[in-house]
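Contents: one structure, followed by commentary.
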Protein chains: 2
Amino acid sequence: MVVTGTSRAALAYLKALYALEEESPRSGARGRLGTARRVTTSAIAERLAVSAPSATNMLKRLAARDLVSYEPYKGASLTRKGRAVALEIVRHHRLLETYLVEALGVPWEEAHAEAEALESNLSESVEERMFAALGRPRFDPHGHSIPTRNGAMPKTSRRSLWDVSDGEAVLVAQVPDSHSDALRYLAEVGVLPGVRVTIESRGPVGGPLFVRVEDNEDAPVALSKEITEAIWVH
Amino acid sequence: MVVTGTSRAALAYLKALYALEEESPRSGARGRLGTARRVTTSAIAERLAVSAPSATNMLKRLAARDLVSYEPYKGASLTRKGRAVALEIVRHHRLLETYLVEALGVPWEEAHAEAEALESNLSESVEERMFAALGRPRFDPHGHSIPTRNGAMPKTSRRSLWDVSDGEAVLVAQVPDSHSDALRYLAEVGVLPGVRVTIESRGPVGGPLFVRVEDNEDAPVALSKEITEAIWVH
DNA sequence: TTCTTGATTTAGACAGGACTAATACTGCTC
DNA sequence: GAGCAGTATTAGTCCTGTCTAAATCAAGAA
């Protein structure tokens, strides 16, 4: 496995970097066409709940190992090698989440934290067995796609629920995996991957979205801007 | 969980200490009746493949946290608190081994290493789910008993196969969990927990034991002194 | 009782990671 | 182009854990 010899802490940085690169096109306009999007030191520090100097320090070390490309004051991005490692651990994480939920009945909203604890010590061999036991799943319980073992990451929709217009019906593709409170709520009101929802109306600027869930005759559910921005649909 | 706040490395020391205390009555004659058996620094160092100074260093720190009682030049032993932590991680380990073998089909001889990688990050909640999924097992695949969640460790037979006299038939209680080569061999010849075996004869002093396995018409299998000392029977 | 030897411990370093305080850079504003 | 605000980096510490080399202890041999 590519991951061997990389510490838990280093893996956390690579994973955070991967996630932030994935998210970045949402805020910055450009950054497509293969241009590696640079992630700022502070974004990483914040994501990992670590001080900025700690992040600088680790980025330099990861750069020395050719896992990230880092230029002082200009942020960092994953190298090809770093991306491979990150994808391996993302695969571990999502497969574990799926396994925990499907095979062991761990609640949806706890799966992320449990998987995070175990992911860095999962061997390829056990991973492969879980993968097989689950029937070679392509998505985790939150609808995120699971990278293949050779590091290919299926493309997914990037349209957020927030951007859907009133009256339009869409299919929920994925919801965030952390934020257990939000997840608990989503599970309660039935906003899950694969479910069809319709935007009923929206509150004043930045206000909540009122969403009708298919097969549910109750009143539409109110979802905040934050959460709907993190829900992707198609 | 008791374990929280204890690093992976520290847990390894506690586990090793626990194992060595369990083994010690075999070589030293006394040490029963609640007398805490002291384990030497070098025994721990050797077990963990670490230098003696490293062991001294860690023992002192564990002593400062009241997990072991340590007296310079006199060795160390687990305190009540340290034993509780050790038992928790032994439970994690054995439950994981069982789960990996039973639920995921991991080969017998690989289970130990895989479980070791995962044990220190297993939450109580996931552990409990595995325990339930397995039907609340009392023994791991190598026949070691699994401590209860509140830290009770069922007593087991301590008679080794090496000490059985010629012609006597005994039931294999447990085999070692590491040493994958030996385990592979034992699985091959059918010397597994729960199997009845008979000592057929033994080689010259310290030589191999020839053992007949029940329901097996083949020639008796030869087992070295080392391995038969580590197999417990009743 | 003294000596020798082998096990232990002390001393001193080092690598990984993280923190705070102080300094330097970047980019935007005027 | 100069000044400023905010972001990043350097400096200097600390804590874990590990190592090697050097000093020390404990116990059996003489």
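In what follows, chains are A, B, ... by sequence order, proteins preceding strands, each numbered from 1.
Applying the 4.0 Å criterion to OP1 and OP2 of C:dT9, one finds that B:Thr41 has a side-chain N or O inside that range. A:Tyr70 has no side-chain polar atom (N or O) that falls below the 4.0 Å cut-off from OP1 or OP2 of D:dA8. For C:dG16, neither phosphate oxygen OP1 nor OP2 lies less than 4.0 angstrom from any side-chain nitrogen or oxygen of A:Tyr13. Residue B:Lys74 places no side-chain N or O under 4.0 Å from the OP1 or OP2 atom of C:dT8. Applying the 4.0 Å criterion to OP1 and OP2 of D:dA8, one finds that A:Ser42 has a side-chain N or O inside that range. Contact check, A:Ser54 against C:dA18: no side-chain N or O comes under 4.0 Å of OP1 or OP2.
Put simply, CZ on B:Arg38 is 14 Å from C1' on C:dT8, counting in whole angstrom units. Rounded to whole angstrom, the span from the CE atom of A:Met58 across to the P atom of C:dA15 amounts to 15 Å. The distance from atom CD of A:Glu71 to atom C1' of C:dA24 is 17 Å, rounded to the nearest whole Å. Look at CD1 on B:Ile44: it is 10 Å from P on C:dT8, rounded to the nearest Å. One atom, CG of A:Leu59, and another, P of D:dA8, lie 11 Å apart when rounded to the nearest Å.
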Given the rule in the side-chain contact (heavy atoms from CB on, under 4.5 Å) test, do B:Leu67 and B:Leu14 qualify, once you have shown the distances and angles that lead to the verdict? CA-CA 8 Å; B:Leu67 292 167; B:Leu14 294 175; 4.1 Å; yes
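Relative to the side chain of A:Val50, the nucleotides C:dC19, D:dT9, D:dT18 differ in distance, and C:dC19 lies closest. Side chain of B:Asn57, nearest nucleotide from D:dT20, D:dT9, D:dT18: D:dT18. Residue A:Arg61 has its side chain nearest to C:dG16 when only C:dA18, C:dT8, C:dG16 are considered.
Comparing A:Ala10 and A:Tyr73 along DNA chain C, the residue whose closest nucleotide (by nearest heavy atom) sits nearer the 5' end is A:Ala10. Mapping B:Ser51 and A:Ala52 onto DNA chain D by nearest heavy atom places A:Ala52 closer to the 5' end of the strand.
Cation-pi contact between B:Arg91 and B:Phe131: present, with separation from the ring centre below 6.0 Å and deviation from the ring axis of at most 45°.
Counting any heavy atom pair closer than 4.0 Å across all strands shown, A:Pro72 reaches sugar-phosphate atoms only and no base atom.
When ring centroids are compared, B:His112 and B:His179 stay outside the 6.0 Å threshold.
Here B:Arg149 does not pair with B:Glu127 in a salt bridge; the nearest charged N to carboxylate O distance is not below 4.0 Å.
Here B:Glu110 pairs with A:Ser125, B:Val106, B:Pro107 under the side chain to side chain contact (heavy atoms under 4.5 Å, CB included) rule; sequence neighbours left out.
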